[in-house]
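Per chain, numbering begins at 1; letters A, B, ... match sequence-line order.
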Amino acid sequence: MIRPGLFCFPKRGTTLVEAMVTLGLTAVVLVLFGEILQLQMRHSRRLDARDQAVDAGLAALDRVARECRMAVSWTRPARADHGPHSGLEMDIPDADQDARRLPRPMPETPQLPLWDPLARGSLLHLRYQLHNQTLLRQAQLEDGQYQSVPICQQVREFRVQRGGGGQLQLTLLVEVEEGRQHLASLVELPLPQAWALP
Amino acid sequence: MRSSRGILLMAVLCLISILLLLCWGELGRQAEQYRAARLVSQSAQARGLALAGLQDFLAKWNRDYDFPPRPPQGAAYFTYLEELDDFQSPEKIGSYRVTVDESYKLAPYKILRVTSEGVVGPSDRPQCLWRIVATLDVSPKSRTGIGPNPHLGNWIEWREGF
């Protein structure tokens, strides 16, 4: 009689009961596995959506904060105004006009007039405000019209408040799947004319 | 009968493979999240280095009458670089490079345009960069009227992050 070895299996297969039990267990494992997979995918999709909303909010806050640091004159909130506001209005130096606003002094060019950093035409007037749950960046064009660019969607609230010592508190309330997410940024204004009286 | 046992083994192997693929995907996702978080902290670090560069320039300008030194004939820029050490390890945290444009130093502007670039990581393998361009008012007289300039020695324009 040949003994069962590595390449030799006993002739006996599985009984009907063994086959049924194996199939049943396989089915249970597959169902459980499918459930876990579905749950994990749903959870991961929800997390991704939340991350996306929060990331978009943080990127928008970062952009607003950067432009606040660049502001040379303020309309809203004014320098002495410490109350909460739902929008921002300010002037920043117009980087696209650098060649015009700061022509390089050359020996052969005639004497330039006294330079005024706040001269008309060298600044870009900016507005940030909420419209239909969208945070808009509005830049004033030469003809006085505003050009709007949406920088964040699903925003419930946008709040701006001046703190003491040249600080500005920006708050964004973003809609996410489970509710709302509060995002805040404390901006240190580096230009004294943005927060201290001259 | 031999083949029926093989099918069971293959099914188990398939399940394990799918599970491993899922774990792999999840780990990859985690790695992306860690990378994004590291990028946020590195950009904050680079911005801090660029700010340190501006503060360093301002301190030198306030204390040294001959700073920044006059650039050579035909040049308008003066640049210097400082590397910062980590207190706990011999590695460099990063550096800041300050470039001063002196072409607007005289009338009618009387300003210095200072560019400070904060770089995270060793200079031969930079990981993150943040740039701030600030304008320093060096006019002793007021630009708008008579009397001293209230903004002398202050930054009057600021651009960053590009």
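Heavy atoms of A:Leu37 lying under 4.5 Å from chain B belong exclusively to its side chain. Using a 4.5 Å cut-off between heavy atoms, A:Asp55 does not touch chain B at all. Neither the backbone nor the side chain of B:Asn149 has a heavy atom closer than 4.5 Å to any heavy atom of chain A. When heavy atoms are compared at a cutoff of 4.5 Å, B:Ile111 approaches chain A solely by way of its side chain, counted from C-beta outward. Within the 4.5 angstrom heavy-atom criterion, only side-chain atoms of A:Thr22, from C-beta onward, approach chain B.
Under a hydrophobic clustering in which Ile, Leu, Val, Met, Phe, Trp and Tyr are joined whenever their side-chain heavy atoms come within less than 4.5 Å, directly or via other members, B:Val119 and B:Ile93 fall into different clusters. Hydrophobic cluster membership is shared by B:Leu152 and B:Phe67, with clusters built from Ile, Leu, Val, Met, Phe, Trp and Tyr side chains linked at under 4.5 angstrom. Grouping the Ile, Leu, Val, Met, Phe, Trp and Tyr side chains by contacts below 4.5 angstrom, directly or via other members, places B:Leu51 with B:Leu58. When the side chains of ILVMFWY residues are joined at heavy-atom separations under 4.5 Å, either directly or via intervening members, A:Leu130 and A:Val64 end up in a single hydrophobic cluster. The hydrophobic cluster containing A:Val155 also contains A:Val160, counting ILVMFWY residues as joined when their side-chain heavy atoms lie under 4.5 angstrom apart, directly or transitively.
Closest approach of A:Gln193 and B:Trp155 over heavy atoms only: OE1-O, 3.7 Å. Annotation for A:Phe33 and B:Leu22: closest pair CZ-CD1, 4.4 Å, computed over non-hydrogen atoms. Listed here is the closest heavy atom pair of A:Arg66 and B:Trp130: CD-CZ2, 4.2 Å.
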Compile the donor-acceptor pairs under 3.5 Å between side chains in residues 182-191 of chain A and protein atoms, sequence neighbours left out, one pair per line.
from, atom 1, to, atom 2, distance (Å)
A:Glu188, OE2, A:Gln167, NE2, 2.8

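Between A:Met70 atom CE and B:Trp158 atom CH2 the span is 11.5 Å, to the nearest 0.5 Å. From B:Leu15, atom CG reaches atom CG of A:Leu30 across 5.5 Å, with rounding to the nearest 0.5 Å. A distance of 7.5 Å separates CG of A:Asp98 from CD of B:Glu157, quoted to the nearest 0.5 Å. To the nearest 0.5 angstrom, A:Leu102 atom CG is 9.0 Å from B:Ser103 atom OG.
Comparing A:Gln40, A:Arg69, A:Glu67 by how many heavy-atom pairs each has under 4.5 Å with chain B, the most go to A:Arg69. The candidate with the highest count of non-hydrogen atom pairs below 4.5 Å against chain B, out of A:Ala95, A:Ala71, A:Ala19, A:Ala194, is A:Ala95. Annotation: maximal heavy-atom pairing with chain B below 4.5 Å, among A:Asp48, A:Asp51, A:Asp62, A:Val29, occurs at A:Asp48.
Residues passing the salt bridge (charged side-chain N to carboxylate O under 4.0 Å, His left out) test with A:Asp91, sequence neighbours excluded: none.
No more than 12 heavy atoms of other residues, nucleotides or ligands sit less than 6.0 Å from atom NZ of B:Lys141. The number of heavy-atom neighbours closer than 6.0 Å to CZ of B:Arg47, taken from other residues, nucleotides and ligands shown, is above 12.
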